[in-house]
**Q** 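What follows is a structure written as structure tokens; I'll ask about it next.
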Amino acid sequence: MRIAVASGKGGTGKTTIATSLALSLADPIDLNPPVFLDCDVEAPNAHIYLNPDLKEQKIAGVLIPEVNESQCTYCGICAEVCQYHAMTVISNKVIVFPQLCHGCGSCSEQCPEEAIKEIPKRMGVLERGMTNSNIVFARGVMDVGEAMAVPIIRQLKKWVEPNSDQVVIIDAPPGASCPVVESIRGSDYLVLVTEPTPFGLHDLNLASKLADELKIPAGIIINRDNGEYNEVEDFCVRNNYPILMRIPFERYIAEGLSQGKSLIEIHPEYIEKFKQLHTDIKSLIGNKHETNRTIKR
Amino acid sequence: MKIVITTTSPSIDSNVDNRFGRCAFFLFVDPVTLEWDAKPNPGVNARGGAGVKASQFVANLKPDAIISGSFGPNAYGVLKAANVQMYLFDGAKNVQEVINRFNEGILNTV
């Protein structure tokens with residue numbers, strides 16, 4: 001079972017929820033330990049709460065074109081077929097923009113002179129290892145100056161091969177763009193974490209549309225709940241999203257998190273709540289009515 | 001002589017568009033006869049690489065100079081390779097002002 005945690009708005013508590021869920025499900029003698037993927041490769045931070053021993057590393061990147069100018073006739077087909085404008089041909093020069101290249105290989109495939117070779121370009125690194133709490137942890141870390149997170153996320157998801165008895169928890173990046181799509185794609189359930197503010201609701205709305213588009217059933221967690229701004233609840237009722245959990249707005253929770261403590265360390269009674277969350281999600285996935293939710297817009 | 005100015009509308013009376021890669025129009029104009037022709041920027045709606053697309057478009061039409069508010073690093077690379085001289089508006093607001101400054105030779109190059 002794959003559970004993705006996303007939010008739309010940044011800073012709502014995705015990592016707080018995802019790490020606490022993983023810790024609550026972890027059992028030191030479990031032969032099928034939970035798997036945690038930190039897909040927020042631009043700013044991964046789940047390791048702060050899970051303390052994995054990152055023993056293994058693997059370079060992540062894409063294949064970019066290298067032009068052999070002695071074979072090139074400057075016909076410009078490579079620049080024409082590139083959907084991302086990563087190549088340009090000016091009179092008798094070919095310019096490659098590696099930062100724009102998605103590594104699709106169209107240029108080398110289409111080159112009539114076979115003058116283009118694909119060479120690997122590093123964009124970041126994948127790291128994995130076990131935590132003391134018996135969680136299989138893996139993350140991607142994008143190199144400074146790189147602009148594309150998607151290839152790193154895709155490679156991270158491929159690198160870890162869980163069996164069907166393992167629960168996979170995906171900590172998605174904020175937003176509702178390509179990196180989020182790549183992170184949550186293939187998940188059985190999407191947990192959307194929001195806060196009761198107009199900003200939280202606005203971005204929750206965007207993220208929920210993504211869930212609909214990808215046909216992933218979704219439920220909402222309201223974090224920093226202060227009993228104000230009921231529009232988030234109205235949104236959930238109107239669109240038939242279950243409210244899976246509420247976490248109150250408390251200063252001591254924020255203080256604990258800022259010291260690197262997970263929510264369940266700060267508040268041990270949340271272990272049961274997160275186990276219940278897992279049970280609820282299992283039944284929601286199994287519930288035809290919920291998964292085939294009519295989309296009202 | 002043919003120079004290109006990035007503009008917000010397809011007219012010699014237009015204001016300048018300070019963006020290069022995502023400008024609305026390229027105004028091709030002869031700075032002496034003031035004959036002009038406006039072409040929409042094919043890069044304006046590009047998801048990425050707008051500067052590359054726009055500069056490739058301009059470079060293929062072989063102007064003597066291009067004048068804009070600023071040039072991104074990718075666009076700069078393409079225009080440099082194509083030997084198109086780049087100038088900056090330096091605060092000029094409309095096409096007429098830019099042409100006057102160009103003719104006086106007081107525009108800064110990139």
Side-chain angles (χ1 to χ4, degrees), chain A residues 42 62 64-67 69 72-107 110-111 116 121 123 142 144-154 175-182 210 213, chain B residues 1-6 17-28 39-88 109-110:
Chain A
E42 290 175 69
V62 291
I64 63 161
E66 188 182 62
V67 182
E69 298 233 5
C72 179
T73 58
Y74 309 102
C75 68
I77 288 176
C78 53
E80 241 168 76
V81 299
C82 183
Q83 295 298 297
Y84 302 97
H85 312 118
M87 293 187 85
T88 189
V89 180
I90 295 291
S91 50
N92 61 346
K93 286 186 198 107
V94 185
I95 308 173
V96 178
F97 298 96
Q99 245 71 7
L100 298 176
C101 178
H102 283 53
C104 72
S106 297
C107 53
Q110 298 292 327
C111 177
I116 300 174
K121 174 184 174 283
M123 295 171 76
M142 187 158 89
V144 171
E146 288 298 333
M148 270 190 303
V150 170
I152 304 173
I153 297 168
R154 190 179 297 144
S177 60
C178 302
V180 181
V181 175
E182 186 57 43
L210 206 61
E213 186 74 28
Chain B
M1 183 168 207
K2 185 167 65 174
I3 64 171
V4 182
I5 300 169
T6 53
D17 195 329
N18 277 303
R19 301 162 305 171
F20 173 77
R22 293 193 191 273
C23 71
F25 292 94
F26 292 114
L27 193 80
F28 287 73
K39 295 187 192 303
N41 174 10
V44 69
N45 287 323
R47 278 172 301 173
V52 175
K53 193 166 187 179
S55 52
Q56 171 116 56
F57 175 74
V58 169
N60 285 343
L61 295 167
K62 302 196 187 319
D64 297 289
I66 165 91
I67 315 170
S68 189
S70 66
F71 298 89
N74 295 342
Y76 176 85
V78 173
L79 293 166
K80 187 94 184 157
N83 286 318
V84 181
Q85 184 66 57
M86 288 166 268
Y87 293 95
L88 296 172
T109 55
V110 180

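In what follows, every heavy atom counts, from backbone to side chain, and hydrogens, waters and symmetry copies are set aside. Letters A, B, ... mirror the listed sequences (proteins, then strands); counts begin at 1.
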**Q** What pair of heavy atoms forms the shortest contact from A/P98 to A/I64, and how long is it?
**A**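 Looks like CB-CD1, 4.0 Å.
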
**Q** Compile the donor-acceptor pairs, distance criterion under 3.5 Å only, formed between chain B and chain A.
**A**
residue, atom, partner, partner atom, Å
B/G48, O, A/H85, ND1, 3.0
B/G49, O, A/H85, ND1, 3.4
B/Q56, OE1, A/T88, OG1, 2.4
B/Q56, NE2, A/T88, OG1, 3.3
B/Q56, NE2, A/V89, O, 2.8
B/A81, O, A/K93, NZ, 2.8

**Q** Could you walk me through whether A/F97 and B/V78 pass the side chain to side chain contact (heavy atoms under 4.5 Å, CB included) test, one step at a time?
**A** CA-CA 10 Å; A/F97 298 96; B/V78 173; 3.5 Å; yes

**Q** Do you know the tightest heavy-atom contact between A/C107 and A/P65?
**A**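 For A/C107 and A/P65, the tightest heavy-atom pair comes out as SG-CB, 3.6 Å.
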
**Q** Check whether B/T6 reaches the backbone of B/F20 with its side chain - one donor and one acceptor, N or O, closer than 3.5 Å.
**A**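 No, the answer is negative, given that no donor and acceptor are paired below the 3.5 Å cut-off.
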
**Q** Below 4.5 Å, heavy atoms only, C-beta onward: do B/F25 and B/V44 meet side chain to side chain?
**A**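 Contact flag for B/F25/B/V44 side chains = no.
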
**Q** Does any N or O in the side chain of B/K2 come within less than 3.5 Å of the main-chain N or O of B/L61, such that one atom is a donor and the other an acceptor?
**A**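 Present.
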
**Q** Quick one: what part of A/A147 sits under 4.5 Å from any heavy atom of chain B, side chain, backbone, both or neither?
**A**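 Contact with chain B is absent: no heavy atom of A/A147 under 4.5 Å.
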
